[in-house]
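Values below: every heavy atom of this structure, side chains too, minus hydrogens, waters and symmetry copies. One-based numbering, in listed order, for ligands and for the atoms of each.
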Amino acid sequence: MAELRVPFLDLRRLNAPFLPAIQQAMERVMASGYYLLGEEVAGFEREFAAYCGVSRAVGVANGLDALTLVLRAWKELGLLRDGDEVILPANTYIATVLAVSANGLVPVLVEPDAASFNISVDGVLKALSVRSRAIIAVHLYGQLVDMPALMALARENGLLVLEDAAQAHGAALDGRRAGSWGDAAGFSFYPGKVLGAMGDAGAVLTSDERVAEVVRTLANYGSSEKYVCPMQGCNSRMDELQAAILRIKLAALEQELQGRRDAALAYRQGIVNPALLPPQGSLNEHAWHLYVVRCQQRDRLQQHLAAAGVGSLIHYPIPPHRQGAYAGLGHGPLPLTETLADTVLSLPIYAGVDTQLVIDACNSFVGPAWRA
Ligand SMILES: *Cc1c(COP(=O)(O)O)cnc(C)c1O
């Protein structure tokens, strides 16, 4: 197929403005002789924690590790035990579920809220059991979960809250940023995220000093001081080059978010087609990692957009409970999660995206009117 006029994501173009600064930073790191556990990672940890409004950040190798290590730390601290139940949204990316099962904990899948696609507080209430110990709040597509309600429910029931903020860098609710609401949060800096590295990277955020210290120890072989290992850890460290790149891109994150919000506003005003259901929610506190529409004939819509030169992707076509990896996992009926997998489509969204081409392509699609 011919090259798309509006690719779903164009990382080369998006990173181009940063290249001179990144080249300088890389030379600085290379000349320093410190490639791990140095000044760049420490600097990024300070700057990202301050940006999010949290006291501690720990750089790790990727977003999955960030989530996994928080749960591991809670186990080390005696707050979680093997077999405890962790409630999470059924329509999340599989990494959220992997973090739970990798720790010998039991994932309990809950239907999302029909308007926001985020975990529903009602659904969490219904899923509570005597083994419930934690909730993972996934800020899906860049929109915060209803955290005031979720935190109230968690506190009433003695549950820990882990934010999966892998899609929500800089997103907020009532002015308070993602990563600062729960007991701890995991972020991913995978290249395609709103704040992306040039390789894998992740971070744990928490204002609980003990959790930060245990995560840091676990991520470095369980070693608190050189060659002394109180815990069985792993090797999960952010490297200095990625941290140097992230510091540069963090300084421009607000601009990137504004560009995405402008694009979301243009889509919301411009896409007027009864066959498409636009995403709901606040424009200005959303990080707009993804702009997700729903359509009865989603696959036809995707083909129509491609023919018009517009890229799109499906997040996600197969929910975790339908994956072979979780064939043995028990769960209740998840009809909304399954309908979402069949009807969602993500449009290109990033600062500077050609919104008019996308709007015209969406408006020229002919299909049955959306009905819930
Ligand atoms: C990307 C993502 C992750 C995993 O992050 P990696 O850095 O790719 O390991 C976890 N949860 C969600 C919701 C994500 O989108």
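By the 6.0 Å and 45° rule, Arg260 does not stack over the aromatic ring of Tyr350. With Trp288 as the aromatic partner, Arg261 does not meet the cation-pi criteria of under 6.0 angstrom to the ring centre and within 45 degrees of the ring axis.
With no hydrogens or angles considered, a side-chain donor-acceptor pair links Ser129 and Glu85 at under 3.5 Å.
Under the 30°/60° scheme for interplanar angles, the aromatic rings of His321 and His331 are found to stand perpendicular.
Within the listing of ligand 1, atoms 3 (C), 4 (C), 10 (C) sit less than 4.0 angstrom from a heavy atom of Ala95. Each of the following atoms of ligand 1 lies closer than 4.0 Å to a heavy atom of Ala166: 2 (C), 3 (C), 10 (C), 11 (N), 12 (C), 14 (C), 15 (O). Of all atoms in ligand 1, listed by their number and element, those nearer than 4.0 Å to a heavy atom of Gly63 are 5 (O), 6 (P), 7 (O), 9 (O).
The shortest N or O to N or O distance between Tyr190 and ligand 1 is not below 3.5 Å. Polar contact with ligand 1: present for Ser188 (N/O pair, distance under 3.5 Å). Backbone and side-chain nitrogen or oxygen atoms of Lys193 are examined, and one is located within less than 3.5 angstrom of a nitrogen or oxygen of ligand 1. At least one N or O atom of Asp164, backbone or side chain, sits closer than 3.5 Å to an N or O atom of ligand 1.
For His315 and Tyr141, the ring centers sit 6.0 Å or farther from each other.
In the displayed structure, Phe365 atom CZ is contacted under 6.0 Å by more than 12 heavy atoms of other residues, nucleotides or ligands.
Contact annotation: for Leu64 versus ligand 1, heavy atoms closer than 4.0 Å belong to both the backbone and the side chain.
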